[in-house]
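For reference, the structure discussed in these notes is given below.
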Amino acid sequence: MGRDAREVAALQAELLAWYDRHARALPWRVPPGSGARPDPYRIWLSEVMLQQTTVAAVKDYFHRFTARWPTIADLAAAEDGEVMAEWAGLGYYARARNLLRCARAVTASGGAFPDTRAGLIALPGIGPYTAAAIAAIAFDRAETVVDGNVERVMARLHDIRTPLPAAKAELNARAAELTPARRPGDHAQAVMDLGATICTPRNPACGICPWRGACAARAAGTQAELPRKAPRKAKPLRHGIAWIGRRADGAWLLERRPETGLLGGTLGWPGTDWTEAPPGGASPGGESSDGAPPAPAAWHAAGEVRHTFTHFHLVLDIRAADLPEGCAPARGEFVAAAAFDPAALPTLMRKAHARALPALGGRPAG
DNA sequence: GACGCGTGGTC
DNA sequence: TGACCAAGCGT
């Protein structure tokens, strides 16, 4: 099976020549041919941010993180809440929790990242992809890097019609055949750049692809329908209530969510669980105790926020209230107006805040 | 292998 | 405009 050594060498050479001319300039990347070694800290940080996240979304976060925490020791010394606030809006918050755990583990054992795939994969938040990527890009190890781009490129190059995820083993094997002993990091980044800019999910630009002559899918005309994927499950609709309270001095009533689960460890508004039946709807007893507001006040309806998570749609009913000065809430804690920044909230909670603002009384001037 | 886990861009 | 998609990981 596979290609002979001369074919492999030709593909590798064509790809690297293309990469030398067309590599994207990215904040964490060292240009090919510069001779510089990338900083493992920056490679690791960028790879974690890029997990299931677009380059465009990552750039600003990467700049803010590296400006605030220039080294892994700086990050390791940060407080949990600071990192969660800086990560807010980027999603998949387990990444931020594992980022800190990883930074502290590396710093505690001397401050240098492991320089092998096996050493890296033992760290929190570093799986098969990220371990191979750091080993190849930062440490020039000949590891095979397989992400969604590489899967797509391999499926097309070899016209593999088995649907994902069943095809993963074969796609990994095909990618491994092409991994070069020299410049493995550039090769890995080149395949990913190829997938991101030419061998795109829709309307691939086959006419300018360095591998167009060898591509089996292009020859068969199947490139647009590869890789095949198992059908997705439909997203159910869930409902919940969020209470957004502001005290007379401007302080907001917020609540840190549990460390695990959805939006784990992030700051948000007190609320009900999110269930498939509207709260207080069909159940004869009305709202459960979980349906009680966090503090007694004149709560009024401020509309709803719609948001879609990975596996369900949410309609969040927003209740807003101006809370008295001596208010003693049953849940949550007040955050002073000067310390509150909506940008430190995950996107759903940011939307809820924006929805509640018009329903709250004007604050005293000054 | 399946599932839980965010968000914003795209068509 | 709703569904799909993006440099995956942990359980």
Side-chain angles (χ1 to χ4, degrees), chain A residues 24 26-29 42-62 84 87-99 101-102 120-134 136-138 143-153 163-169 172 175 185 188-197 199-204 225 227-238 257-266 268 274 305-314 343 345-351:
Chain A
R24 288 178 292 173
L26 300 172
W28 46 86
R29 177 178 281 180
R42 294 166 64 88
I43 296 301
W44 162 71
L45 179 61
S46 69
E47 290 299 345
V48 172
M49 286 183 167
L50 286 163
Q51 289 166 6
Q52 296 290 285
T53 308
T54 59
V55 166
V58 163
K59 280 183 177 172
D60 288 346
Y61 284 86
F62 181 82
M84 295 310 293
W87 194 276
L90 197 54
Y92 286 135
Y93 297 94
R95 293 185 296 173
R97 303 192 302 270
N98 286 329
L99 192 80
R101 290 176 50 205
C102 182
L120 288 159
I121 205 170
L123 291 165
I126 298 184
Y129 162 78
T130 306
I134 297 172
I137 297 169
E143 297 291 351
T144 300
V145 178
V146 182
D147 72 335
N149 286 305
V150 179
E151 289 180 344
R152 183 172 60 256
V153 171
L164 285 166
K168 278 181 179 291
N172 289 345
Q189 294 176 93
V191 183
M192 292 191 283
D193 272 24
L194 190 68
T197 64
C199 196
T200 51
R202 284 172 293 199
N203 302 318
E225 57 194 75
R228 293 186 178 163
K229 296 189 178 181
R232 305 186 173 195
K233 288 175 33 177
K235 291 175 164 67
L237 180 63
R238 297 189 189 173
R257 296 175 66 86
E259 280 295 302
T260 57
L262 191 65
L263 304 178
T266 67
W274 303 334
V305 163
R306 290 172 183 269
H307 192 77
T308 297
F309 290 100
T310 311
H311 57 294
F312 64 93
H313 302 286
L314 176 67
L345 304 179
T347 298
L348 167 68
M349 300 300 175
R350 213 177 294 176
K351 286 157 77 173

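Chain identifiers are assigned alphabetically (A, B, ...) following the order of the sequence lines, protein sequences preceding nucleic acid strands; residue numbering begins at 1 within each chain.
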Check your understanding: With a 4.0 Å cut-off on heavy atoms, is A:Arg306 in touch with a base, just the backbone sugar-phosphate, or nothing at all?
Key -> nothing
**Study point:** Any A:Arg95 side-chain nitrogen or oxygen under 4.0 Å from OP1 or OP2 of C:dG10
**Key:** no
Using the 3.5 Å cut-off, write out each protein N or O paired with an N or O of nucleotides 7-11 of chain B and the distance between them.
unit_1 : atom_1 : unit_2   : atom_2 : d
B:dT7  : OP1    : A:Tyr93  : OH     : 2.9
B:dT7  : OP1    : A:Thr347 : N      : 2.7
B:dT7  : OP2    : A:His307 : NE2    : 2.6
B:dT7  : O3'    : A:Thr347 : OG1    : 3.3
B:dG8  : OP1    : A:Thr347 : OG1    : 3.3

Exercise for review: Round to a whole Å and report the spacing from CH2 of A:Trp44 to P of C:dG8.
Suggested key: 17 Å
**Study point:** Phosphate OP1/OP2 of B:dC5: any A:His311 side-chain N/O under 4.0 Å
**Key:** yes
Exercise for review: Rounded off to whole Å, could you give me the NZ-to-C1' distance for the A:Lys233 and B:dG4 pair?
Suggested key: 10 Å
Review point. Distance under 6.0 Å and angle within 45° of the ring axis: does A:Arg257 meet both against A:Trp274?
Key: yes
Check your understanding: With a 4.0 Å cut-off on heavy atoms, is A:Trp87 in touch with a base, just the backbone sugar-phosphate, or nothing at all?
Key -> nothing
Review point. Of the candidate nucleotides C:dC9, C:dA7, B:dC5, which contains the atom at the shortest distance from the side chain of A:Gln51?
Key: C:dC9
Review point. Does any donor atom in the side chain of A:Glu47 or A:Tyr129 lie under 3.5 Å from an acceptor atom in the other side chain?
Key: yes
Check your understanding: Just checking, is any N or O donor in the side chain of A:Lys235 or A:His311 under 3.5 Å from an acceptor N or O on the other one?
Key -> no
Review point. Should A:Phe62 and A:Trp28 be marked as a ring-ring contact (aromatic ring centres under 6.0 Å, His included) after you check the CA-CA gap, both sets of side-chain angles, and the distance that decides it?
Key: CA-CA 8 Å; A:Phe62 181 82; A:Trp28 46 86; 5.3 Å; yes
Review point. Distance only, no hydrogens: is a donor on one side chain within 3.5 Å (strictly under) of an acceptor on the other, for A:Asn98 and A:Arg95?
Key: no
Review point. Rounding to a whole Å, what distance do you find between A:Asn98:CG and B:dC5:P?
Key: 15 Å
**Study point:** Distance, P atom - from C:dC4 to B:dC3, rounded to whole angstrom
**Key:** 16 Å
Review point. Over how many whole Å does the gap from A:Lys229 atom NZ to C:dA6 atom P extend?
Key: 5 Å
Check your understanding: When the nearest nucleotide of DNA chain C is assigned to A:His313 and to A:Glu47 on a heavy-atom basis, which residue is associated with the more 5' position?
Key -> A:His313
Review point. If we take the P atom in both B:dG6 and C:dT11, what is their distance in whole Å?
Key: 14 Å
Check your understanding: Distance only, no hydrogens: is a donor on one side chain within 3.5 Å (strictly under) of an acceptor on the other, for A:Ser46 and A:Arg29?
Key -> no
Check your understanding: Nearest-Å distance, CD1 (A:Ile126) to P (C:dG8)?
Key -> 15 Å
Practice item. Name the orientation class of the two ring planes belonging to A:Phe309 and A:His307 (parallel below 30°, tilted from 30 to 60°, perpendicular beyond 60°). Key: perpendicular
Review point. NA contact type, A:Ile121, heavy-atom cut-off 4.0 Å: base, sugar-phosphate, or nothing?
Key: nothing
Exercise for review: Would you kindly give the CD-to-C1' distance between A:Glu259 and C:dG10, to the nearest whole Å?
Suggested key: 15 Å
Practice item. Classify the nucleic acid contact of A:Gly261 as base, sugar-phosphate or nothing, counting any heavy atom under 4.0 Å across all strands shown. Key: sugar-phosphate
**Study point:** Interatomic distance at P, B:dC11 relative to C:dA7, whole Å
**Key:** 15 Å
Review point. Are any of A:Lys235's side-chain N or O atoms less than 4.0 Å away from OP1 or OP2 of B:dC5?
Key: no
Revision key, fill the gap. Which of A:Ile137, A:Val48, A:Thr130 passes side chain to side chain contact (heavy atoms under 4.5 Å, CB included) with A:Ile43? It is A:Ile137
Exercise for review: Nearest whole angstrom, please: distance from the P of C:dG2 to the CZ of A:Arg232.
Suggested key: 17 Å
Check your understanding: To the nearest angstrom, how far is A:Tyr129 atom OH from C:dG8 atom P?
Key -> 7 Å
Check your understanding: C:dA7 base to A:Arg24 side chain: any donor-acceptor pair below 3.5 Å?
Key -> yes
Practice item. Hey, which sits more toward the 5' end of DNA chain B by its nearest nucleotide, A:Phe312 or A:Pro165? Key: A:Pro165
